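Data first, discussion second: the structure below is written as structure tokens.
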Amino acid sequence: MARLLVEQESGGEYSAPIEEWDTANKIAAMTYDRMGELIKAVLSTIQVQKGKSPPKYPAKPFPGPRTAVEDARKALARETGQMLINWATPHAAGD
């Protein structure tokens with residue numbers, strides 16, 4: 001729970017570590033996603049019946065497990081970005 005709060009406060013999206021991801025979590029995530037689709041469909045139908053255009057709700061699925069490969073990709077992207085910034089602005093690096 002604390003990890004979820006920290007992720008939300010930092011602007012990142014929470015995703016459970018692969019060790020915590022089991023069949024029950026997968027079923028709960030699938031149920032969450034389907035319920036979101038159902039709510040979206042019902043609200044869109046109500047809006048259309050009122051003569052309004054249906055709202056554009058983003059389809060944001062429940063986050064799945066975080067793997068070591070994804071962590072490595074994010075770290076590589078950060079390092080590459082920092083290298084590019086250092087290359088483009090050597091005076092700002094302070095070295």
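Treat the numbers as computed from the prediction; the structure is a model and nothing was measured.
Rounding to the nearest 0.5 angstrom, the gap separating the CG atom in L43 from the CG atom in L38 is 9.5 Å. Here the straight-line distance linking atom CG of L76 with atom CE of M83 works out to 8.5 Å at 0.5 Å rounding.
Across all their heavy atoms, F62 and A29 have their closest contact at CD2-CB, 3.5 Å. Minimum heavy-atom separation, P61 to D33: CA-OD1, 3.3 Å.
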Going through the checks in order, is the salt bridge (charged side-chain N to carboxylate O under 4.0 Å, His left out) test met by K40 and E37?
CA-CA 5 Å; K40 179 181 175 181; E37 291 172 2; over 6 Å; no

- Query: Please walk me through it: do T23 and I27 pass side-chain contact (heavy atoms from CB on, under 4.5 Å)?
  - Reply: CA-CA 6 Å; T23 305; I27 292 171; 3.9 Å; yes

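Counting heavy atoms from C-beta on, the side chains of D22 and N25 come closer than 4.5 Å. Q82 is not listed as a side-chain neighbour of R78, based on a closest heavy-atom distance of 4.5 Å or more.
Note: the hydrophobic cluster containing W21 also contains Y32 (ILVMFWY, side chain heavy atoms under 4.5 Å, direct or indirect links).
The pair E70-R73 does not count as a salt bridge, with every side-chain nitrogen at least 4.0 angstrom from each carboxylate oxygen.
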